[in-house]
Structure formats: C-alpha cells, structure tokens
Amino acid sequence: MKSDQASLPGRTRVVDSVFEFELQGRTLYVDAEHVPQCVELWRTGQYTQLGISDHENPGLKSIDFIEAFFPVADFHLMLFDKVDLSVLGGNAEWLKHFFTNAGPNAIDDLSPFTKLESLGQPWSRKFRVDESLGRLKGLALGGFSPASCDITELSVLPALEKLSLYFNKLQSLKGLETMQGLRELFVGFAPKLECIDPICELNELRELRFEHCKNVRGFADLVRGEHLLNLMYMKCSPLDHVRFVSRLCSLQRFVF
C-alpha cells in the first residue's frame with residue numbers, strides 16, 4: 001500500500017516508477033532530519049529503493065545516517081556536493097543497484113561490492129573493471145574518457161546487458177564486439193566518436209540509441225540485429241540511406 005505523501009515526515013518523498021501502467025518500483029527519498037521515522041517506513045517493506053537527494057536535504061554534508069537503513073539493495077544518490085561514501089562499505093554484501101546522476105559522487109573502489117548488478121555514476125580515472133564486477137548487467141558512465149579512447153577496458157564484463165556512455169571523449173567503440181549478450185546500448189554526446197564498426201556484431205540488441213555524435217561513420221550500413229525493436233539516431237552525422245530498415249524485421253520504432 002502506498003504511503004500518503006501528506007503523512008510522511010518532513011520533506012520525505014515517495015516516487016513510483018511506472019512502465020506501461022504497471023508499478024516497477026517505489027523509492028523512499030529520506031529526510032536526514034527525520035531518520036528514525038524514515039527507518040520505520042523503510043522497514044515496512046513497501047519500498048524497493050532508498051534515495052537521498054538535495055530536494056529533501058539541501059546542503060547535506062554527510063550520508064553516514066544511511067547505516068541505520070542497512071541492508072539496502074537499491075540506492076539512489078542525488079547530491080550535487082561531494083560526500084564521503086565509505087559508509088556504503090558496511091552494506092557491500094547487499095548492494096545490488098547503485099545510481100547517482102548528479103554531482104561528483106561515485107564509488108571509487110568497487111571490489112567489495114561483489115553482488116552489484118547495475119551501476120550508474122560519473123567516471124573517474126580511479127574506476128577499475130575486474131572480476132569483482134562479473135555479475136554486472138547494467139552500466140551507465142558519464143564522462144567516460146579512458147586513455148585508449150575506446151571501450152576495451154569494459155570488455156571483461158561477461159554478463160552486461162545494458163550499456164550507457166554519455167558526455168565522453170571516445171573515438172572508437174572497439175571492445176564492444178565482446179559484449180555478445182548486450183540488449184540495450186546508448187551512446188550520447190560523444191563529439192569525437194568516429195568508429196562504431198563493432199555494433200554490427202551485436203546480435204541480441206533490442207534497443208540502440210545514438211545522440212549528439214556528429215562524426216560517426218557508416219551507421220546505415222552497420223546496423224544489424226534480428227531482435228532490434230527500438231532505434232534512435234538523433235543529432236548525429238547524416239544517414240547515407242534508410243534502406244537498412246528493411247533488414248530489421250523486428251523493428252517497432254525508429255526515430256531519426
């Protein structure tokens with residue numbers, strides 16, 4: 001049963017995620033000034049995700065209070081100021097989903113988080129991919145700019161199904177060809193990206209999106225995938241032709 005917003009303590013907020021009229025998840029965004037009451041709500045089991053954001057906590061300097069909510073499997077962080085995330089180490093064996101799409105906060109050392117299945121955060125040069133992330137199915141990185149200018153360092157993620165790379169300095173998608181289980185790919189705001197040849201080897205794709213990639217080459221001749229349902233190609237280099245659509249037998253939506 002959904003909590004009545006008017007009865008929530010302080011600025012506490014509940015946000016439902018709905019897709020095709022079905023409830024997919026429910027997030028409890030906590031007010032740090034009302035931790036005991038929020039913990040009581042969390043323990044009811046009504047919520048699938050715990051969130052901390054500037055909306056409820058303007059100027060928040062620490063998230064150490066989150067320890068009172070452990071265990072937490074799904075955590076959403078929306079703070080524009082940097083905070084110490086070391087407290088999450090005490091929840092490492094339970095955390096399956098971590099997402100932050102604002103500010104400088106990211107988990108630098110991911111090795112203790114062996115149950116992690118999806119991760120979305122800003123990229124930094126401290127980011128390392130190793131066998132500890134073998135369970136990872138979803139990855140979103142903002143500002144991904146490795147020295148290789150491609151994605152070969154991500155090619156060791158065998159279970160990856162969703163990959164999102166935005167605001168990056170990539171020049172090539174080399175390494176993508178190893179991700180044979182990939183079902184969704186988004187590449188956006190990559191002004192230096194030219195070589196996207198590996199996309200032709202992704203046979204399991206259901207969704208493919210390119211946005212603001214003005215130098216990509218050969219998109220029309222590279223798109224494949226008998227299972228591809230949704231295709232978006234926005235504000236990128238001009239398409240040579242649209243004849244490729246005829247070979248996409250499952251395509252339901254094409255935006256360009």
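Side chains of S17 and Q24: a donor-acceptor N/O pair is absent below 3.5 angstrom, by distance only. Side-chain polar atoms of S250 and H227 form no donor-acceptor pair below 3.5 angstrom.
The two atoms that bring A106 and P122 nearest to each other are CB-O, 3.6 Å, heavy atoms only. Of all heavy-atom pairs between A92 and P112, the closest is CB-O, 3.5 Å. Shown here for V72 and N91, the closest heavy-atom pair between the two residues is O-ND2, 2.7 Å. Minimum interatomic distance between S155 and T152 (heavy atoms only, all atoms of both residues): OG-O, 2.6 Å.
For the atom pair L205 CG and M179 CE, the distance stands at 11.5 Å (nearest 0.5 Å). For the atom pair CZ (F219) and SG (C213), the distance works out to 9.5 Å, reported to the nearest 0.5 Å. Rounded to the nearest 0.5 Å, atoms CZ (R43) and SG (C38) are 12.0 Å apart. Separating the CZ atom in R183 from the CG atom in L185 is a distance of 14.0 Å, to the nearest 0.5 Å. The distance from the CG atom of L248 to the CD atom of Q252 is 12.0 Å, given to the nearest 0.5 Å. Rounded to the nearest 0.5 Å, atoms CG (N215) and CD1 (I196) are 11.5 Å apart.
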Is there a side-chain contact (heavy atoms from CB on, under 4.5 Å) between V87 and D84? Walk through the geometry before answering.
CA-CA 7 Å; V87 65; D84 184 359; over 6 Å; no
Could you check L208 against N230 for side-chain contact (heavy atoms from CB on, under 4.5 Å), going step by step and ending with a plain yes or no?
CA-CA 6 Å; L208 178 61; N230 298 305; over 6 Å; no
Worked check of side-chain contact (heavy atoms from CB on, under 4.5 Å) between L202 and R224:
CA-CA 7 Å; L202 301 178; R224 298 283 190 276; over 6 Å; no
Could you go through the side-chain contact (heavy atoms from CB on, under 4.5 Å) check for F98 and D74 one step at a time?
CA-CA 6 Å; F98 175 74; D74 196 333; over 6 Å; no
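Side-chain contact between V35 and V30 is absent, with no heavy-atom pair separated by less than 4.5 Å. Annotation: side chain of L88 is in contact with side chain of F113 (closest heavy-atom distance under 4.5 Å). Counting only heavy atoms from C-beta outward, the side chains of C195 and L173 never approach each other to under 4.5 Å. At least one side-chain heavy atom of R26 sits under 4.5 Å from a side-chain heavy atom of V14. Between L141 and S164 the shortest side-chain heavy-atom distance does not fall below 4.5 Å. The closest side-chain heavy-atom distance from L85 to L77 is below 4.5 Å. Side-chain contact check for E161 versus E204: every heavy-atom pair is 4.5 Å or farther apart. D221 is listed as a side-chain neighbour of H241, based on a closest heavy-atom distance under 4.5 Å.
Electrostatic pairing of E194 and R217 counts as a salt bridge here, judged by a charged N lying under 4.0 Å from a carboxylate O. Note on R209 versus E211: salt bridge recorded, some NZ/NE/NH1/NH2 to OD/OE distance being below 4.0 Å.
Listed for the Q121 side chain is a donor-acceptor partner under 3.5 Å among the backbone atoms of I107. Here the side chain of W42 pairs a donor or acceptor atom with the backbone of F69 at under 3.5 angstrom. Checked by atom type and distance alone, the side chain of N168 never pairs as donor or acceptor with a backbone atom of S145 at under 3.5 Å. In this structure, E177 contributes its side chain and K174 its backbone to no donor-acceptor pair below 3.5 Å. Proximity of a side-chain donor or acceptor of T100 to a complementary backbone N or O of M78 within less than 3.5 Å is not detected. A donor-acceptor pair is defined here as one N or O able to donate and one able to accept, closer than 3.5 Å; such a pair exists between the side chain of D31 and the backbone of R11. Between the side chain of T27 and the backbone N or O of L50, no donor-acceptor pair lies under 3.5 Å. Between the side chain of S237 and the main chain of V216, a donor-acceptor pair closer than 3.5 Å is present. Distance alone, capped at 3.5 Å, is enough to place a donor-acceptor pair between the N105 side chain and the D81 backbone. Remark: the backbone N or O of S111 is not paired with any side-chain donor or acceptor of D130 at under 3.5 angstrom.
Ring geometry for H76 against F99 counts as tilted: the plane angle lies between 30° and 60°, on a 0 to 90° scale.
Taking the six-membered ring for Trp and the full ring otherwise, F189 and F167 have centroids separated by under 6.0 Å. Aromatic ring centres of F254 and F244 lie closer together than 6.0 Å.
A salt bridge (charged side-chain N to carboxylate O under 4.0 Å, His left out) check over residues 54-72, counting only residues at least two apart or in different chains, returns the pairs R13-E56.
Both F65 and L41 are assigned to one and the same hydrophobic cluster, defined by single-linkage of ILVMFWY side chains at heavy-atom distances under 4.5 Å. Cluster annotation: W123 and L170 are assigned to the same hydrophobic cluster (Ile/Leu/Val/Met/Phe/Trp/Tyr, side-chain heavy-atom contacts under 4.5 Å, transitive). Residues I199 and L229 do not share a hydrophobic cluster, clusters being chains of Ile/Leu/Val/Met/Phe/Trp/Tyr side chains in contact below 4.5 Å. F186 and L228 end up in different hydrophobic clusters when Ile, Leu, Val, Met, Phe, Trp and Tyr side chains are linked at under 4.5 Å. Residues F210 and V245 are members of one and the same hydrophobic cluster, defined by side-chain heavy-atom contacts under 4.5 angstrom among Ile, Leu, Val, Met, Phe, Trp and Tyr.
The number of heavy-atom neighbours closer than 6.0 Å to NZ of K82, taken from other residues, nucleotides and ligands shown, is above 12. Within 6.0 Å of CD on Q180 lie more than 12 heavy atoms contributed by other residues, nucleotides or ligands.
Checked against L139 for a side-chain contact (heavy atoms from CB on, under 4.5 Å), the options L116, L165, L154, L133 give a single hit: L154.
Contacts of E117 classified as salt bridge (Lys or Arg N to Asp or Glu O under 4.0 Å), with partners at least two apart in sequence or in another chain: R135.
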